[in-house]
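Atoms within each ligand, like the ligands themselves, are counted from 1 in listed order. All residue numbers in this chain count up from 1 along the given sequence.
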Amino acid sequence: EKSPIQAHTTHKAQTGATRKTRSMSLCSVRERLRRTPLSDAVVRRIRALGLGRERGGAVRLSDEQLREGRRRELGRMGLIRAAANLDELPRAAEAELALAGRSNVGKSSLLNALVGKRSGGTTTRGLAPVQNRPGVTRSLNFYGSERRGARIVDMPGYGFAFASDGATAQWQAAMREFVVSRGGLLRVLLCVDARQSLRALDREFLLMLDREAGVPCLVVMTKCDLVPTSELARRFAVLEADLAELGLRGLRAGVHMVSSRTTAGVPELRRAIAREMPKGWLRFPRGGTEAAEVGGAEAKAGDAAEEEEVEAGAEPLGRTARRQRAKVAAVARLSQRVAAADAWARRKSRLSEQERSSRGRSRRRRQFGG
Ligand SMILES: Nc1nc2c(ncn2[C@@H]2O[C@H](COP(=O)(O)OP(=O)(O)O)[C@@H](O)[C@H]2O)c(=O)[nH]1
Ligand SMILES: [Mg+2]
């Protein structure tokens with residue numbers, strides 16, 4: 001039995017049809033864009049968010065928008081674990097949000113923008129490594145701050161360019177297993193490059209997420225600073241239509257548009273996430289002081305600001321969300337028991353150095369991809 005993703009990969013290899021299908025679908029997208037009417041409401045929304053690439057340079061954001069976009073949410077996030085295989089996953093005791101999408105669509109950059117982390121001038125760099133080359137993230141990277149339950153998982157892009165087909169298929173099988181069996185995974189943010197349309201791998205992933213894993217999903221158009229407003233509005237309409245066609249039960253209404261480079265649209269996305277995740281998962285600073293803007297004294301000021309934060313006004317949770325929370329709580333209880341049992345077992349019999357290294361070898365053998 002092959003997964004739809006594996007079947008797709010094999011089909012590509014056998015028929016060599018990739019180039020042909022790709023150029024055909026490209027034509028049809030152009031044609032569809034031409035025929036899609038321009039929605040005034042969407043154009044207004046793009047302008048209000050400060051998105052779209054306009055002639056003569058980037059759209060300008062107000063100081064207020066910039067400040068809001070650069071806010072450091074979720075406290076001091078750090079890399080908790082880079083899992084190169086499914087044996088290395090951290091315990092699923094927390095509420096997790098995973099970023100998924102094709103390679104190079106800007107997942108890691110969006111993670112940096114969401115947590116308000118940046119180094120240098122842009123938010124596309126910072127906490128999670130970013131490179132202008134597909135397939136940089138090849139492990140499941142878990143980010144979080146110990147003090148809070150928030151976890152963001154940076155997933156490797158499906159179909160990364162420089163791996164062999166075999167390794168890619170292995171990765172995809174592993175990603176499937178991750179989203180299907182991960183107890184604490186509450187939502188997935190599916191990222192689509194604003195200059196591209198929904199591709200076969202996106203569709204397959206979304207269907208698998210919906211039908212097999214049952215994980216609700218938010219869709220985000222990334223790099224919206226690179227597309228002219230009217231084209232962006234049309235691409236937005238085409239994407240919404242394509243998503244509607246898939247008939248996903250767990251799809252959250254309303255595609256989000258962001259630029260991780262300028263942080264435009266990021267505050268709005270954070271608010272949408274706060275509504276989806278358990279209360280307190282994502283908090284907003286109460287006061288007007290901008291800890292993230294303090295520069296050198298950032299870490300200290302950030303901690304002080306954290307103390308004052310209040311919980312975001314999350315909307316009452318629906319039945320599904322309540323069930324998800326109950327599931328998370330159950331997993332947390334279970335993993336506490338497992339941890340206690342583990343600690344007890346460790347005390348009783350310390351593994352010899354030799355045993356430990358032979359374990360390491362068999363673990364490496366089970367590694368997938370990259
Ligand atoms: N202009 C622009 N470039 C972006 C944006 N987000 C990401 N990029 C660039 O796209 C490339 C891939 O980004 P990355 O976050 O590593 O993508 P990932 O492979 O999906 O994690 C990098 O060169 C980023 O600087 C954005 O919002 N605007
Ligand atoms: Mg990445």
When you measure from the heavy atoms of S259 to every atom of ligand 1, does any distance fall below 4.0 Å? yes

Take E88 and R81 through the salt bridge (charged side-chain N to carboxylate O under 4.0 Å, His left out) test and state the conclusion after the steps. CA-CA 8 Å; E88 295 177 0; R81 181 79 58 88; over 6 Å; no

Should R53 and D225 count as an ion pair when the cut-off is N to O under 4.0 Å? no

Do L89 and V188 sit in the same hydrophobic cluster, where Ile, Leu, Val, Met, Phe, Trp and Tyr count as joined when their side-chain heavy atoms come under 4.5 Å apart? yes

For E231 and R234, run salt bridge (charged side-chain N to carboxylate O under 4.0 Å, His left out): C-alpha distance rounded to whole Å, both residues' side-chain angles, the deciding distance at 0.1 Å, then the answer. CA-CA 5 Å; E231 184 189 330; R234 290 197 170 95; over 6 Å; no

Does S103 bring an N, O or S atom to under 2.8 Å of the Mg ion (ligand 2)? no

R271/E68 salt bridge by N-O under 4.0 Å criterion: yes

Do any N/O atoms on S109 end up under 3.5 angstrom from N/O atoms on ligand 1? yes

Is L38 linked to L239 within one hydrophobic cluster, defined over Ile, Leu, Val, Met, Phe, Trp and Tyr using a side-chain heavy-atom separation of less than 4.5 Å? no

Please list, in number order, the atoms of ligand 1 under 4.0 Å from a heavy atom of K107. 15 (O), 17 (O), 18 (P), 19 (O), 20 (O), 21 (O)

Are side-chain N/O atoms of T222 and D193 paired as donor and acceptor at under 3.5 Å? no

Nitrogen or oxygen atoms of V105 and ligand 1 under 3.5 Å apart: yes

Ligand-side contact atoms (ligand 1) for residue partner L226, heavy atom cut-off under 4.0 Å: 1 (N)

May I ask you to check if ligand 1 and G106 share an N or O to N or O distance below 3.5 Å? yes

I want to know if ligand 1 touches S108 in the polar sense, i.e. an N/O pair below 3.5 angstrom. yes

Specify side chain, backbone, both or neither for N104, according to which of its non-hydrogen atoms lie closer than 4.0 Å to ligand 1. both

